[in-house]
Q: 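I'd like to ask some things about the structure below.
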Amino acid sequence: MTCGSDEILRMAGKPDNGAVLQLESVSVHYTRYSRGIVPRPIEIVRAVNDVSLSLGRNEILGIVGGSGSGKSSLVRVAMLIERPTHGSIRFNSVELTELTPAELAATRSGMQIVFQNPAASLNPDLTVERVVREPLEALRIGSRAERRERVTEALRMVGLDAPDARGRPCEFSGGQQQRIAIARAIVVEPRVLFADEAISALDVSIGARILDLLLELRERLHFSMLFVSHDLAVVQRICDRVGVLYRGSLVELADTTTLYRQPQHEYTRTLLEAARHTELHA
Ligand SMILES: Nc1ncnc2c1ncn2[C@@H]1O[C@H](COP(=O)(O)OP(=O)(O)O)[C@@H](O)[C@H]1O
Ligand SMILES: [Mg+2]
């Protein structure tokens, strides 16, 4: 069964005025070009295909799917890092696709992202303090003293202290680097945090601690979270609802208990089977 857009909207609870983020019929199509002196378009990749979903206030929405199913493209388009080929994206009821670049930059600050690979997302030339302060400067938030205070507080919340702030990201372990990336994301007090495979590259025990940190921060700062992962056990543990992406389409979206107990789509069942198999043989 493939759910049509209307069906998904119904399952997603639309109209949902409590939603902090709403995607309606969003598609992202990439054009692949041939190599050579005069590149020619050879293929349209439908990375995200007519996806509708909403993220409620304080909600953790999981997005699962295999490699190449469109998870990262969905995150990028939700933040308007990627422009949608079609569709509407509303953040706090503001239609993002209609904003000017300056308006978009200001509005988008309410959405922050933590990537899989912190090393690639942290500028190695800056001190940790500068890395975390940068978004405040870019968005002209606070006075110098206030910025300093907010950076110290953000670092403290992720478990780093003053001496850490003077180091450079590359001097830290993967888990600590992810803490720096999280401090950078929360320092602007986002309403939505996207975690795109944020713990997937870490050792299991370190990943578990980072996950606990994200949950603890969410309790304190009250942001909603779109949690992208291929780890179905983690998603089951922390998410309120889960959406399943298959070849760019959202084939199923349900509350977590229902999805894991009564998966409707064949692809969801395949994913769950594979996860159980891995668990048994881990
Ligand atoms: N910038 C791009 N140009 C062309 N194709 C892309 C681009 N980014 C992603 N894709 C393709 O879109 C599909 C979805 O990719 P992605 O969103 O990264 O999936 P996932 O995060 O689930 O692995 C893949 O087939 C990928 O090769
Ligand atoms: Mg990805």
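Source: prediction; values computed, not measured. In each ligand, atom 1 is the first atom listed, and ligand 1 is the first ligand listed.
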Q: Looking only at protein heavy atoms, which one is nearest to atom 26 (C) of ligand 1, and how far off is it?
A: R32 NH2, 4.0 Å
Q: What's the shortest distance from atom 18 (O) of ligand 1 to any protein heavy atom, and which residue and atom give it?
A: S72 CB, 3.9 Å
Q: Find all atoms of ligand 1 within a distance of less than 4.0 Å from any non-hydrogen atom belonging to R76, and give their numbers and elements.
A: 8 (N)
Q: Write out the residue and atom name of the closest protein heavy atom to atom 9 (C) of ligand 1, then the distance separating them to 0.1 Å.
A: Y30 CE1, 3.5 Å
Q: Do S88 and E95 pass the side-chain hydrogen bond (donor to acceptor under 3.5 Å, both in side chains) test, and can you show the C-alpha distance, the side-chain angles, and the key distance before you say yes or no?
A: CA-CA 7 Å; S88 143; E95 177 59 54; 2.8 Å; yes
Q: Give the ring-plane orientation class for H86 versus H29, where under 30° counts as parallel, over 60° as perpendicular and anything between as tilted.
A: perpendicular
Q: In plain terms, say whether R150 and E153 are close enough for a salt bridge, that is, a side-chain N and a carboxylate O under 4.0 Å apart.
A: no
Q: Any atoms of ligand 1 less than 4.0 Å from a non-hydrogen atom of A47? List them with their elements.
A: 12 (O), 13 (C), 14 (C)
Q: Would you call R276 and E273 a salt bridge, using N to O less than 4.0 angstrom?
A: yes
Q: Any Lys/Arg nitrogen of R237 or D212 sitting under 4.0 Å from an Asp/Glu carboxylate oxygen of the other?
A: yes
Q: With atoms numbered from 1 as shown, which atoms in ligand 1 lie under 4.0 angstrom from a non-hydrogen atom of S67?
A: 23 (O)
Q: Would you mind checking which non-hydrogen protein atom is closest to atom 19 (O) of ligand 1, with the distance to 0.1 Å?
A: G70 N, 3.2 Å
Q: If the cut-off is 2.8 Å, does any N/O/S atom of S72 fall short of it from the Mg ion (ligand 2)?
A: yes
Q: In ligand 1, which numbered atoms sit nearer than 4.0 Å to a non-hydrogen atom of V45?
A: 11 (C), 12 (O), 25 (O)
Q: Is there at least one pair of N or O atoms, one from G68 and one from ligand 1, spaced under 3.5 Å apart?
A: yes
Q: At a 4.0 Å threshold, what atoms of ligand 1 neighbour a non-hydrogen atom of G66?
A: 22 (O)
Q: Quick one: nearest non-hydrogen protein atom to atom 15 (O) of ligand 1, plus distance?
A: S73 OG, 3.9 Å
Q: Quick one: does K71 get an N or O within less than 3.5 Å of an N or O on ligand 1?
A: yes
Q: Hey, does the side chain of R179 reach the backbone of L160 with a donor-acceptor pair shorter than 3.5 angstrom?
A: no
Q: What part of E43, side chain from CB on, backbone N/CA/C/O, both or neither, has a heavy atom under 4.0 Å from ligand 1?
A: neither
Q: Using a strict threshold of under 4.0 Å (side-chain N to carboxylate O), is an ion pair present between E129 and R133?
A: yes
Q: Does R269 have more than 12 heavy atoms from other residues, nucleotides or ligands lying within 6.0 Å of its CZ?
A: yes
Q: Are any side-chain N or O atoms of Q178 and backbone N or O atoms of I210, one a donor and one an acceptor, separated by less than 3.5 Å?
A: no
